[in-house]
Amino acid sequence: MSKLRCHISISLDGFVAGPNQSVENPLGEGGERLHDWVVPLATWREGHGKSGGEVNESARIVEEVRENIGAAVMGRGMFGPIGGGDWGDEQWTGWWGDNPPYHYPVFVVTHHPRESVEMEGGTTYHFVTDGIESALEQAKIAAGGKDVMLWGGGNITQQYLAAGLLDELELHVVPLLLGDGARIFGDLGDNKVRLEQIRAVEAPGVTHLKYRVVT
């Protein structure tokens, strides 16, 4: 059965992005450091069209993230631009250039309708205006039996957790204190989220904690 999975880097004090996010600084002040552990990896560089890189305990974690994914969901905050709002001239196609690293359908949850955008490499963005449940349903259909990846950001991840729709959550915990910014563990409403730990992997600059969400 298709699962909704989420893998996200998080600071030791619980932030998935720093304060004062902007177009120039989309992860906020200090937020780029949340990914210092992954950017040097050979497997990450390969996925972004680059060569070389390191191989360590994080490599198999990143490789596993890519396995059995047929579609994805993300929030408007992650897709951008910062500040949201109407799409204007509709020239914005995300942060990842003409050939995004997804290579499957991506369903963007937004309040503002827009026609689907087909990118190079097999990525197509679909814009969903009728809520997180609809986005997940459409993504599961598009995934054709494979899993759906929830790529973030913080607000949409919190919504899926609160709604009891997330199946697996892997936190890449970075020894970094951001002090403020975007969280995934905030107001979860009346839903008492229970997590069952599947594994813990220590690696340079990060600890990978994988959980099953118990409903």
Side-chain angles (χ1 to χ4, degrees), residues 1-11 15-17 26-27 31-75 77-79 94-97 99-109 119 121-125 135-136 139-140 142-154 156-158 160-161 165-174 176 182 184-185 195-213:
M1 180 181 294
S2 178
K3 295 183 293 187
L4 179 63
R5 298 156 44 191
C6 180
H7 294 247
I8 196 163
S9 291
I10 189 169
S11 68
F15 297 100
V16 297
L27 287 175
E32 289 289 346
R33 295 174 59 195
L34 289 169
H35 299 123
D36 283 353
W37 66 272
V38 69
V39 173
L41 294 177
T43 185
W44 185 91
R45 292 177 62 82
E46 179 185 353
H48 289 76
K50 302 179 180 180
S51 59
E54 303 173 6
V55 177
N56 59 37
E57 293 86 347
S58 290
R60 66 181 177 91
I61 303 296
V62 175
E63 290 167 358
E64 184 184 276
V65 168
R66 300 176 182 169
E67 293 175 354
N68 198 43
I69 299 299
V73 174
M74 70 174 61
M78 179 170 178
F79 183 78
W95 304 99
W96 306 277
N99 188 5
Y102 304 109
H103 313 303
Y104 42 63
V106 177
F107 294 82
V108 181
V109 181
M119 306 293 290
T123 302
T124 300
Y125 296 119
L136 178 56
K140 285 188 172 183
K146 293 184 176 182
D147 291 340
V148 175
M149 182 61 72
L150 176 59
W151 283 118
I156 198 76
T157 302
Q158 182 171 284
Y160 275 105
L161 266 174
L165 296 173
L166 190 62
D167 297 298
E168 287 184 2
L169 174 64
E170 185 148 22
L171 302 177
H172 311 297
V173 183
V174 179
L176 170 68
I184 61 171
F185 301 120
L195 302 176
E196 176 184 317
Q197 184 169 306
I198 298 173
R199 70 172 180 210
V201 177
E202 184 180 355
V206 65
T207 301
H208 307 284
L209 302 176
K210 187 174 183 178
Y211 300 95
R212 180 181 299 109
V213 182

Where the side chain of Trp151 meets the backbone of Phe79, is there a donor-acceptor pair that is under 3.5 Å apart?
no
I'd like to know if the side chain of Ser2 and the backbone of Gly145 have a donor-acceptor N/O pair within less than 3.5 Å.
no
Least distance between heavy atoms, Val55 atom then Ala42 atom:
CG2-CB, 4.3 Å
Keeping the roles fixed (side chain from Arg45, backbone from Ser51), state whether a donor-acceptor pair exists under 3.5 Å.
yes
Short side-chain donor-acceptor distance under 3.5 Å, Trp96 and Thr123:
no
Smallest separation among heavy atoms of Asp147 and Ala143, with atom names
O-CB, 4.0 Å
Any sub-3.5 Å donor-acceptor pair from Asp167's side-chain atoms to Leu4's backbone N or O?
yes
Anything under 30° is parallel, anything over 60° is perpendicular, the rest tilted; go ahead and classify Trp37 against His172.
tilted
Work out which heavy atom in Glu54 is nearest to a heavy atom in Asn56; give both atom names and the distance.
OE1-ND2, 4.0 Å
Evaluate the side-chain proximity of Trp95 to Pro26: yes if any heavy-atom separation is below 4.5 Å, no if none is.
yes
Quick one, Arg199 with Glu170, criterion salt bridge (Lys or Arg N to Asp or Glu O under 4.0 Å). Give me CA distance, side-chain angles, the key distance, then yes/no.
CA-CA 9 Å; Arg199 70 172 180 210; Glu170 185 148 22; 3.3 Å; yes
Please answer whether the main-chain N or O of Gly121 pairs with a side-chain N or O of His103 as donor and acceptor at a distance below 3.5 Å.
yes
Spatial distance of atom CG (Leu195) from atom CG (Leu171) [nearest 0.5 Å]
8.0 Å
If you round to the nearest 0.5 Å, how far is CE of Met149 from CE of Met74?
11.0 Å
For Leu34 and Val16, which heavy atoms make the closest approach, and how far apart are they?
CD1-O, 3.3 Å
Nearest 0.5 Å please: distance from the CG atom of Asp36 over to the OG atom of Ser9.
9.5 Å
Spacing of Glu202 atom CD and His208 atom NE2 [to the nearest 0.5 Å]
10.0 Å
Close side-chain approach of Cys6 to Leu169, heavy-atom, < 4.5 Å:
yes
Give me the atom names and distance for the closest heavy-atom approach of Val148 to Ala72.
CG1-CA, 4.0 Å
Distance from Lys3 atom NZ to Ile69 atom CD1, nearest 0.5 Å?
9.0 Å
What is the minimum heavy-atom distance between His7 and Val65, and which atoms define it?
ND1-CG2, 3.2 Å
Do Glu64 and Lys210 pass the salt bridge (Lys or Arg N to Asp or Glu O under 4.0 Å) test, and can you show the C-alpha distance, the side-chain angles, and the key distance before you say yes or no?
CA-CA 12 Å; Glu64 184 184 276; Lys210 187 174 183 178; 3.1 Å; yes
Could you state the interatomic distance from CG (Leu150) to CG (Leu136), rounded to the nearest 0.5 Å?
9.0 Å
